[in-house]
Amino acid sequence: MAKPKPVVLIVIDGLTPSMFEAADTPAIRFLAQHGEYRRSASVFPSLTPVCLASIATGSYPDVHEIPHLVWWYRKERRIVEYGSSFGAARAAGITRTLRDTVIDLNAKHLSRGAETIYEALESAGLTTGAINITCYRGSHRHLPTIPGVPAVNGPKRFFFYSLYESDRTGAPMAVRNRALGSIDAYAASVGRWLVTRDGFDALVYYLPDYDYASHAAGPDTAHEALARSDAAISELMDAAGGPDAFLERYAVVICSDHGQSRVEQVARLDAGDDLVTASNRAAMVYTETPRAVAERLDAQPAAGIVLFEEDGQMIVRRDGDEDIALLDAVPDGHTRAAAALRNPNAGEVLVSAAPGWEFLDLAGRHHLGGGSHGSLELADSEVPMLTVGLDPPPASITGVKGLIAEHFGVSVRRAA
Ligand SMILES: [Zn+2]
């Protein structure tokens, strides 16, 4: 039997299915012509750290335990903020935010009970690589490029915003001009180097710049940003000798982590004296009186579906109605809601924003007139999912890890 082709997993942050389906950019169009496509579900909250942990570990948040962009860390009795906005990062402390996002998300917050795709494949003797993805835990120790920053454990080939580089590639600095796509350009430069050397069995190629542009411009309008993400994919193809040669050598998964919806109104969620952690279109309340909080939220138009547990049952409430069938109307609703609520780091009450609404973050920042995501609603929760040279695309982003592992005949550890 022929050795399975190496796999490139491309994650374009925040890319909606409609934008993907209408894309007339060359690399995406070429891959779409050669692969199998479907719309798949994200997880809840549909926010990047949660979603990337689900893609990397093949699990919902009850297993990987990353609950939100901002949350209360019960063990350390403090707020963890992964950078909802620059203002929120400053409010939580810039150094603390960077340490939580870059180091502790992987070293401390990500459950040991979850197994990353890098851990799964490398324990089977394969070589994995990761470029810029915030969920990177692996078994190889990497020293930073800047003195004073802690070492981290990542996959064998590991590149993270110029801060960790397992190999010298000559790539330019990652963070020169975010709005002009310098991070994806850095990824492209590293990706080109890895493809030229055939340096991996599985590579996770994470392109965050599209989401950044889409937050500012609104969903389905960031065409220039998509063209730059596409160019970053074309660089991989060029390094392999062109699109056909690329597919001769590699199997491909291309997806996003969550969708986006347009922000028409913003509000600060009011839960009385209880702690609210809110960002984008999801919020959590840490409280000893979940029902009272949920009832208080009835009068707040920003609150859409509200979840809490009572007598061991998940209660699903919206505008005063309690009906578990409210979850029938959103993608993968029951599984996503239950998994979010069971996360030991989550608040006792979870709030999915109503359509068109966004919650103010720690610093009062928002994306009014632009795009946002995080809720259970369709626009935030659907992602494009394309596979080329692999089994058909999975229905959930939690299926990507298993799909790739199966391609290599590697059995993945199933979390309890
Ligand atoms: Zn985003």
Side-chain angles (χ1 to χ4, degrees), residues 10-20 41-56 61 66-71 80-89 92 97 100-102 105 132-135 161 175 178-179 181-184 187 206-226 228-229 255-264 266 277-284 336 340 352-353 355-384 397:
I10 302 162
V11 182
I12 303 179
D13 197 310
L15 184 62
T16 58
S18 48
M19 193 75 176
F20 180 90
S42 181
V43 291
F44 178 64
S46 43
L47 294 162
T48 296
V50 187
C51 300
L52 294 184
S54 283
I55 291 172
I66 305 298
H68 201 295
L69 257 173
V70 55
W71 52 283
V80 171
E81 168 60 73
Y82 294 134
S84 301
S85 64
F86 186 69
T97 296
D100 279 331
T101 309
V102 176
L105 186 153
N132 288 349
I133 185 168
T134 48
C135 188
Y161 303 93
V175 192
R178 185 84 204 260
S182 64
I183 292 176
D184 289 359
Y206 171 61
L207 304 174
D209 285 340
Y210 179 83
D211 186 66
Y212 186 84
S214 184
H215 274 292
D220 293 355
T221 55
H223 295 281
E224 281 175 34
L226 184 59
R228 287 194 298 266
S229 306
C255 65
S256 72
D257 53 346
H258 54 71
Q260 276 216 7
S261 46
R262 180 162 291 285
V263 180
E264 286 148 5
V266 299
T277 60
S279 175
N280 288 269
R281 290 181 26 80
M284 310 197 292
R336 293 166 71 213
S352 165
W357 284 89
E358 189 183 45
F359 302 125
L360 301 185
D361 71 18
L362 272 182
R365 302 296 160 87
H366 55 75
H367 304 98
L368 186 62
S372 186
H373 51 91
S375 79
L376 285 162
E377 302 294 327
L378 183 74
D380 296 351
S381 305
E382 258 193 339
V383 302
I397 60 170

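All values below were derived from every heavy atom in this structure, side-chain atoms included, with hydrogens, water molecules and symmetry-related copies excluded. Counting starts at 1 for both ligands and their atoms, in listed order.
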(message) Suppose we only allow N, O or S atoms; which atom of H215 ends up nearest to the Zn ion (ligand 1)?
(response) NE2
(message) Is a donor from one side chain sitting under 3.5 angstrom from an acceptor on the other, for S42 and D380?
(response) no
(request) With the side chain counted from C-beta on, respond yes when V50 and W71 share a heavy-atom pair under 4.5 Å apart, and no when they do not. (result) no
(request) Tell me, please, if H258 has any N/O/S atom, main chain or side chain, under 2.8 Å from the Zn ion (ligand 1)? (result) no
(message) Can you confirm whether the side chains of D211 and Q260 place a donor and an acceptor under 3.5 Å from each other?
(response) yes
(request) Could you tell me which N, O or S atom of D211 is nearest to the Zn ion (ligand 1)? (result) OD2
(message) Using the ring pair (Phe, Tyr, Trp, His ring centres under 6.0 Å) criterion, which residues pair with H373? Sequence neighbours excluded.
(response) H215, H258
